[in-house]
Amino acid sequence: MTQVPRISFVFLDSETTGLSRPRVSELSLVAVHRCSLLQPPRDPDSGLPLPPRIVDKLTLCMTPQKPFEPAAEELTGLSNWSLQENGKPGFDQAVVQAIECFLARQAGPVCLVAHNGFGYDFPLLRAELDRLEADLPPATGCLDTLLALRELEKPCKRSYQLVELYKRYYGQGPELAHSAEGDVHTLLMVFLFRAPKLVEWAAYNARSWADILPLYPQSPRDSSIELSGEFSPSGSIGG
DNA sequence: TGCCAGGCCCTCTTTAGGGCCTT
């Protein structure tokens, strides 16, 4: 059997204001013991993996200080109004500290796992951290299940949307979709279905967090939004 | 004023174009 370095896997999903220079509105991190990934409990009838014991979980909602795109607001059920009304601060130093503490609790090295992570979640997290001049531990690894599963299932050409993968593996749709916590659970179950291959794949193909570039560069416009600290619910910024 | 993502992958490809994937 191939020897695979001992890695802690942390599953990550973010909800955002949309697809154009997005800001994070919700972030969810889930840690599962390595043995739970490789030897999960299984349904005695179907043999399919059952949800494993989650050992650490962090879900944070935050006011993104940028108007939601209508499609994102409808999809996620979050809005600038609801988040601000509930007094949720933005992606600030407290969020950075929460992430740092969460990762520090895991037996290192940590490998973050996200679906389309290289194209979206990781560069987005990098952009948010850059804005605060913060960073993650340099030894942090990154695994993109979209890239990995496309590679492992070649020549499969069917959809690789997270929900479609879940349906394909488990024969039904996930219970929760388009909340960070719901999607991270869906991601975890998709990972479990292919866990031995993905764990081995990660050992040789995970990228370093240090190689993740921000989704977009910081601009003076970002700073002006930040400094204004407010936005109008109608969508205009700063008057 | 007007526009508004972008990287990756596949193929009817490579001097390109279109679809996928994330919200």
Side-chain angles (χ1 to χ4, degrees), chain A residues 11-30 59-83 88 90-91 112-128 130-131 142-169 173-174 176-191 194 198 201 205-207 209 211-222 224-225 231 234-238:
Chain A
F11 298 85
L12 176 151
D13 188 69
S14 22
E15 303 301 315
T16 72
T17 54
L19 298 175
S20 177
R21 295 182 72 87
R23 296 293 303 274
V24 173
S25 58
E26 188 181 21
L27 186 70
S28 193
L29 299 172
V30 160
T59 297
L60 298 169
C61 284
M62 53 203 88
T63 303
Q65 297 185 325
K66 175 177 181 173
F68 276 78
E69 294 171 17
E73 187 171 316
E74 184 176 353
L75 199 68
T76 65
L78 296 172
S79 68
N80 296 107
W81 181 86
S82 65
L83 289 165
K88 294 299 176 195
F91 195 115
L112 298 174
V113 182
H115 198 63
N116 197 24
F118 292 152
Y120 197 71
D121 293 271
F122 301 143
L124 174 60
L125 181 59
R126 168 70 79 186
E128 293 282 14
D130 278 1
R131 193 173 47 80
C142 298
L143 170 66
D144 184 344
T145 46
L146 173 63
L147 190 72
L149 290 171
R150 276 178 170 162
E151 185 70 29
L152 291 173
E153 296 188 356
K154 276 181 177 177
C156 184
K157 294 185 179 67
R158 287 180 290 183
S159 170
Y160 281 82
Q161 286 181 53
L162 188 60
V163 168
E164 293 303 315
L165 285 167
Y166 186 97
K167 287 180 184 173
R168 195 185 309 163
Y169 295 162
L176 285 173
H178 301 304
S179 70
E181 193 166 338
D183 285 349
V184 87
H185 180 264
T186 303
L187 170 63
L188 169 59
M189 294 307 293
V190 164
F191 188 98
R194 295 273 179 194
L198 285 170
W201 198 89
N205 297 283
R207 295 183 190 171
W209 169 255
D211 294 332
I212 302 296
L213 299 174
L215 189 59
Y216 45 82
Q218 298 301 311
S219 69
R221 188 163 176 270
D222 293 325
S224 67
I225 294 169
F231 54 83
S234 64
S236 61
I237 302 168

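Note on naming: letters A, B, ... go to the chains in the order of the sequence lines (proteins, then strands), and numbering restarts at 1 for each one.
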Send over the distance from Leu125(A) CG to dT22(B) P, rounded to a whole Å.
18 Å
Gap between atoms OH and C1', on Tyr160(A) and dC10(B) respectively (whole Å):
13 Å
Ignoring hydrogens and geometry, is there a side-chain-to-backbone donor-acceptor pair from Asp144(A) to Phe118(A) under 3.5 Å?
yes
Using atom P of each nucleotide, how far apart are dC12(B) and dG6(B) to the nearest Å?
29 Å
Polar atoms only, N or O, under 3.5 Å: list the protein pairs with nucleotides 16-18 of chain B and their distances.
none

Taking the P atom of each, how far is dC4(B) from dC10(B), in whole Å?
28 Å
Taking CG from Leu12(A) and P from dT22(B), how many angstroms apart are they, rounded to a whole number?
14 Å
How is Asp13(A) classified with respect to the nucleic acid when contacts are heavy atoms under 4.0 Å: base, sugar-phosphate, or nothing?
sugar-phosphate
Could you walk me through whether Asp121(A) and Ser14(A) satisfy the side-chain hydrogen bond (donor to acceptor under 3.5 Å, both in side chains) test, starting with their C-alpha distance in whole Å, then the side-chain angles of each, then the deciding distance to 0.1 Å, before giving a yes or no?
CA-CA 6 Å; Asp121(A) 293 271; Ser14(A) 22; 2.5 Å; yes
Starting at CG of Asn80(A) and ending at P of dT23(B), how long is that distance when rounded to a whole Å?
18 Å
In this structure, how many angstroms lie between the P atom of dC21(B) and the CG atom of Leu165(A), rounded?
8 Å
Any donor and acceptor pair, going by atom type alone, linking the side chain of Arg126(A) with main-chain N or O of Trp209(A) inside 3.5 Å?
yes
To the nearest angstrom, how far is Glu69(A) atom CD from dT23(B) atom P?
13 Å
For Thr63(A) and Lys88(A), indicate whether the former's side chain and the latter's backbone hold a donor-acceptor pair under 3.5 Å.
yes
When you compare dA5(B) with dT23(B), how far apart are their C1' atoms, in angstrom units rounded to a whole number?
11 Å
d(NZ, Lys66(A); C1', dT23(B)) in whole Å:
11 Å
OP1 or OP2 of dC21(B) versus the side-chain N and O atoms of Ser159(A): is any pair under 4.0 Å?
yes
Quick one: which of Arg150(A), Glu153(A), His115(A) gives a side chain to side chain donor-acceptor pair (under 3.5 Å) with Tyr160(A)?
Glu153(A)
When we call it a touch if two heavy atoms are under 4.0 Å apart, what does Thr17(A) touch: a base, just sugar-phosphate, or nothing?
nothing
Looking only at atom types and distance, does a side-chain atom of Glu69(A) sit under 3.5 Å from a main-chain N or O of Leu19(A), one as donor and one as acceptor?
yes
Sticking with atom P, work out how far dG7(B) lies from dG2(B), rounded to a whole angstrom.
28 Å
Rounding to the closest angstrom, what is the interatomic distance between dG19(B) and dT13(B) at atom P?
15 Å
Which value, rounded to the nearest 0.5 Å, describes the distance between Lys66(A) atom NZ and Ser25(A) atom OG?
12.0 Å
Answer yes or no: are there more than 12 heavy-atom neighbours, outside Glu74(A) itself, under 6.0 Å from its atom CD?
no
Would the distance check show the side chain of Glu164(A) and the main-chain N or O of Ser159(A) forming a donor-acceptor pair, the cut-off being under 3.5 Å?
no
Between C1' of dT22(B) and CG of Leu147(A), the distance in whole Å
14 Å
Dump the pairs, protein N or O against N or O of nucleotides 2-7 of chain B, anything under 3.5 Å, distances to one decimal.
{"residue": "dA5(B)", "atom": "O4'", "partner": "Leu19(A)", "partner atom": "O", "Å": "3.3"}

Considering only the C1' atoms, how many Å lie between dT15(B) and dC20(B), rounded to the nearest integer?
25 Å
Treating Arg194(A) as the side-chain partner and Ala148(A) as the backbone partner, does any N or O pair qualify as donor plus acceptor under 3.5 Å?
no
